[in-house]
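This report concerns only the one structure given below.
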Amino acid sequence: MVKLIIFDLDGTIIDSELASLQAILDCTKEWGVKVSKEEASVVVGQKWDVAFDLLFQNHKMPLSKEEASTRIVARFKEIVRTDLTIVPGVVEAIGSFSASFRLALVSGSHRDDVLWALRKLDVERHFELIYGAEDYTHSKPSPDGYLKALRALSLAPADALVFEDSVAGLASAEAAGIPSVAITCTNHFGHDQSKALICIEDFRGIDAAWVQKRFPTKR
């Protein structure tokens with residue numbers, strides 16, 4: 001029986017994956033570093049620190065990792081906060097879910113960015129637990145964030161359902177033993193979403209009754 005629904009943020013509630021990509025490409029181009037769109041897209045869905053580790057492993061940057069990361073994140077925030085794109089139907093779905101399930105969020109984004117987005121959409125009040133990148137040790141695809149959320153709420157993997165979009169996020173849910181639903185409208189890079197139990201385009205038509213119908217109480 002589903003008691004808890006866990007959301008990712010980027011690519012699940014807000015369509016920010018292209019903004020992450022653009023921030024990386026804009027900054028590295030400015031620094032004279034050639035990073036392909038395909039290479040940059042690989043880090044989407046990871047914590048920023050993991051993304052920066054991968055970039056610095058593959059490229060010689062003309063500035064420190066700390067300075068590079070600060071500038072890329074600042075560029076990302078500028079893009080997102082100038083033109084926030086919301087996954088269709090997600091605000092209504094969160095409202096419907098909150099009447100029947102406990103809600104949590106586990107994101108690889110920094111906590112202040114997570115809270116900004118949730119407050120912008122006026123949905124923060126619906127979430128019992130919110131984790132940003134600072135709140136758990138190992139980035140997705142590690143199950144750390146999801147398992148920590150379950151422990152904090154005294155629930156088992158079988159009690160939960162995850163909404164995700166990225167390869168890393170779906171692998172994280174699977175490793176935690178939690179079934180997942182993949183959002184396809186934000187899968188701009190054609191990433192493999194086969195680890196999801198169900199794929200949906202977006203949240204239009206998705207509500208508490210939809211979850212209860214597809215994940216009925218076991219008797």
Side-chain angles (χ1 to χ4, degrees), residues 6-29 35-55 58 68-91 93-94 105-121 123 130-134 136 139-142 145-146 162-174 180-196 198-204 206:
I6 311 178
F7 282 84
D8 174 43
L9 177 70
D10 298 287
T12 304
I13 293 177
I14 61 173
D15 189 358
S16 55
E17 307 292 25
L18 289 177
S20 300
L21 175 71
Q22 194 61 50
I24 292 170
L25 294 178
D26 286 352
C27 290
T28 52
K29 181 179 180 181
V35 176
S36 69
K37 181 177 179 180
E38 291 71 26
E39 180 185 357
S41 71
V42 170
V43 304
V44 171
Q46 308 272 9
K47 282 186 179 183
W48 278 119
D49 58 351
V50 174
F52 300 137
D53 286 344
L54 291 171
L55 288 173
N58 296 326
S69 62
T70 297
R71 290 172 65 177
I72 290 174
V73 170
R75 176 61 180 143
F76 167 75
K77 289 183 179 182
E78 178 185 7
I79 295 170
V80 170
R81 297 189 183 195
T82 299
D83 185 20
L84 180 64
T85 303
I86 305 166
V87 174
V90 71
V91 172
I94 290 170
L105 186 145
V106 176
S107 174
S109 289
H110 296 142
R111 170 172 276 274
D112 63 336
D113 293 326
V114 174
L115 294 176
W116 177 86
L118 297 182
R119 289 166 184 168
K120 183 75 173 177
L121 301 183
V123 295
I130 298 168
Y131 285 160
E134 305 91 331
Y136 57 99
S139 177
K140 302 170 185 179
S142 164
Y146 287 129
V162 165
F163 283 89
E164 265 282 3
D165 69 298
S166 69
V167 173
L170 293 168
S172 175
E174 182 184 56
S180 61
V181 177
I183 308 304
T184 64
C185 72
T186 57
N187 186 15
H188 302 291
F189 312 115
H191 288 168
D192 179 14
Q193 295 182 317
S194 61
K195 291 186 182 297
I198 300 172
C199 291
I200 57 175
E201 182 178 2
D202 53 43
F203 287 94
R204 287 175 290 189
I206 306 300

- Note on the structure: When rounded to the nearest 0.5 Å, the distance separating CD1 of Ile72 from SG of Cys27 is 5.0 Å
- Query: Any ring-ring contact (aromatic ring centres under 6.0 Å, His included) pairs touching residues 71-91, not counting sequence neighbours?
  - Reply: Trp48-Phe76
- If every non-hydrogen atom of Val87 is compared with every non-hydrogen atom of Cys185, which pair is closest and at what distance? CG1-SG, 4.1 Å
- Item | N-O pairing of Glu164 and Lys195 below 4.0 Å | no
- Task: Hey, could you give me the NZ/CG distance between Lys120 and Leu118, rounded to the nearest 0.5 Å?
- Result: 13.0 Å
- Message: Rounded to the nearest 0.5 Å, what separates atom CZ in Arg75 from atom OG1 in Thr28?
- Response: 12.0 Å
- Check whether any side-chain N or O of Arg111 sits under 3.5 Å from a backbone N or O of Ile130 as a donor-acceptor pair, and report yes or no. yes
- Message: In the structure I gave you, are the side-chain heavy atoms of Val106 and Asp8 within less than 4.5 Å of one another anywhere?
- Response: no
- Item | Side-chain (Ser172) to main-chain (Lys140) donor-acceptor, under 3.5 angstrom | no
- Task: Give the intermediate values and the outcome of side chain to side chain contact (heavy atoms under 4.5 Å, CB included) for residues Thr85 and Ser16.
- Result: CA-CA 7 Å; Thr85 303; Ser16 55; over 6 Å; no
- Item | Polar side-chain atom of Asn58 near backbone of Leu54 as donor-acceptor pair, under 3.5 Å | yes
- Query: Does the pair Asp112/Lys77 count as a salt bridge with the N-to-O cut at 4.0 Å?
  - Reply: yes
- Task: Look up atom CG in Asp202 and atom OG1 in Thr12, then write down how far apart they are to the nearest 0.5 Å.
- Result: 12.0 Å
- Check whether any side-chain heavy atom of Phe203 sits under 4.5 Å from a side-chain heavy atom of Ile94, and report yes or no. no
- Query: Do any N or O atoms from the side chain of Tyr136 and from the backbone of Ser107 form a donor-acceptor pair under 3.5 angstrom?
  - Reply: yes
- Got Glu201 and Ile183 here, is their nearest side-chain heavy-atom distance under 4.5 Å? no
- Check Ala133 against Gly108 and note the closest heavy-atom contact, atom names and distance. CB-O, 3.2 Å
- Do side-chain atoms of Gln193 reach the backbone of Val167 as a donor and acceptor pair under 3.5 angstrom? no
- Message: Would you compute the distance between atom NE2 of His188 and atom NZ of Lys37 and round it to the nearest 0.5 angstrom?
- Response: 10.0 Å
- Task: Indicate the atoms forming the closest heavy-atom contact of Leu121 with Ile86, along with that distance.
- Result: CD2-CD1, 3.2 Å
- Kindly determine whether Leu105 and Ile13 satisfy side chain to side chain contact (heavy atoms under 4.5 Å, CB included), including the steps that lead there. CA-CA 10 Å; Leu105 186 145; Ile13 293 177; 3.6 Å; yes
- Message: What verdict does the side chain to side chain donor-acceptor pair (under 3.5 Å) test give for His191 and Asp165, after you've listed the backbone C-alpha separation in whole Å, the side-chain angles of each residue and the deciding distance to 0.1 Å?
- Response: CA-CA 9 Å; His191 288 168; Asp165 69 298; over 6 Å; no
- Distance from Glu39 atom CD to Leu55 atom CG, nearest 0.5 Å? 6.5 Å
- Minimum heavy-atom separation for Gly145 to Tyr131, with atom names? O-CD1, 3.9 Å
- Got Val162 and Phe7 here, is their nearest side-chain heavy-atom distance under 4.5 Å? no
- Message: Run Asp10 and Ser109 through side chain to side chain donor-acceptor pair (under 3.5 Å) and show every step you take.
- Response: CA-CA 8 Å; Asp10 298 287; Ser109 289; 2.3 Å; yes
- State, to 0.1 Å, how close Ala117 and Leu9 come at their nearest heavy-atom pair, and which atoms those are. CB-CD1, 4.1 Å
- Query: Leu170 and Ser180: which non-hydrogen atoms are nearest, and at how many Å?
  - Reply: CD2-OG, 3.5 Å
- Task: Please lay out, stage by stage, how Arg81 and Asp113 fare under the test salt bridge (charged side-chain N to carboxylate O under 4.0 Å, His left out).
- Result: CA-CA 10 Å; Arg81 297 189 183 195; Asp113 293 326; 3.0 Å; yes
